[in-house]
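To start, the structure itself, in structure tokens.
For the single chain, residues carry numbers from 1 onward in sequence order.
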Amino acid sequence: LNGKWPVPDTCDQYIDCTSGVERLVTCQNHLVFDDKTGDCEHPDAANRPGCTAEELYGFTCPNSIGQARYAADSDCRAFFTCGVFTNYHPRLGGCPVNSVFN
């Protein structure tokens, strides 16, 4: 049986079965497994129950029109982008090393 299935109780791992070979895959860079596309996606794009951007980051975009960035409380380099392209769900971004979000 070929296919990809999420690992229970995780957001960033899935089992990839190809030609009868099972492989555990971990999504990188804060991405989550999207069981609709079968790929690693930004949490705002996957919008998977239990793994939404709001649930993972503890941040909700303000109700506003346009696009804006908001500082993350946990890391001075991190920020959330909210806009129409994220369907107004937060997308985590970051500044280069040795710089901070301002």
Side-chain angles (χ1 to χ4, degrees):
L1 188 62
N2 293 329
K4 297 177 181 179
W5 295 273
V7 173
D9 301 319
T10 72
C11 293
D12 64 346
Q13 293 185 319
Y14 63 95
I15 301 294
D16 180 3
C17 290
T18 306
S19 300
V21 177
E22 181 181 304
R23 182 173 65 106
L24 175 66
V25 179
T26 301
C27 300
Q28 302 297 311
N29 300 319
H30 305 284
L31 300 181
V32 301
F33 177 68
D34 184 344
D35 47 7
K36 291 182 188 120
T37 66
D39 293 317
C40 295
E41 305 280 359
H42 287 281
D44 64 87
N47 208 25
R48 187 173 131 204
C51 300
T52 66
E54 290 82 357
E55 291 169 308
L56 293 174
Y57 305 139
F59 180 84
T60 300
C61 290
N63 292 330
S64 62
I65 303 297
Q67 179 176 314
R69 291 184 175 157
Y70 303 91
D73 291 336
S74 61
D75 183 341
C76 60
R77 290 179 45 219
F79 59 87
F80 299 107
T81 300
C82 299
V84 69
F85 75 96
T86 67
N87 202 23
Y88 295 97
H89 295 288
R91 179 167 291 181
L92 182 63
C95 299
V97 175
N98 296 323
S99 63
V100 297
F101 178 73
N102 184 3

Report the C-alpha distance between Gln67 and Thr86 in whole Å, list the side-chain angles of each, state the deciding distance to 0.1 Å, and finish with yes or no for side-chain contact (heavy atoms from CB on, under 4.5 Å). CA-CA 10 Å; Gln67 179 176 314; Thr86 67; over 6 Å; no
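- With Glu54 contributing its side chain and Thr60 its backbone, the two residues share no donor-acceptor pair below 3.5 Å.
- For Asn29 (side chain) and Leu31 (main-chain N/O), no donor-acceptor pair under 3.5 Å exists by modelled atom type.
- Every pair passing side-chain hydrogen bond (donor to acceptor under 3.5 Å, both in side chains) that includes a residue from residues 91-102 is listed here, sequence neighbours excluded: Asp44-Arg91.
- The closest side-chain heavy-atom distance from Asp34 to Asp39 is not below 4.5 Å.
- A donor-acceptor distance shorter than 3.5 angstrom exists from the side chain of Asp75 to the backbone of Arg77, with no hydrogens or angles considered.
- Considering every non-hydrogen atom in both Pro43 and Cys51, the closest pair reads CB-O, 3.8 Å.
- Under a 3.5 Å cut-off, the side chain of Arg48 and the backbone N or O of Phe33 do form a donor-acceptor pair.
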Side-chain donor-acceptor pairs under 3.5 Å in residues 5-16, sequence neighbours left out?
unit_1, atom_1, unit_2, atom_2, d
Thr10, OG1, Val7, O, 2.9
Gln13, NE2, Thr26, OG1, 3.1
Asp16, OD1, Thr18, OG1, 3.1
Asp16, OD2, Arg23, NH2, 3.0

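- Counting non-hydrogen atoms of other residues, nucleotides and ligands closer than 6.0 Å to CG of Asp73 gives a total of 12 or fewer.
- Through direct or indirect side-chain contacts shorter than 4.5 Å among Ile, Leu, Val, Met, Phe, Trp and Tyr, Tyr57 is connected to Val32, Leu56, Phe59, Tyr70, Phe80, Leu92.
- The shortest heavy-atom contact between Cys61 and Pro90 is SG-N, 3.4 Å.
- To the nearest 0.5 Å, the span separating SG on Cys17 from NZ on Lys4 amounts to 11.0 Å.
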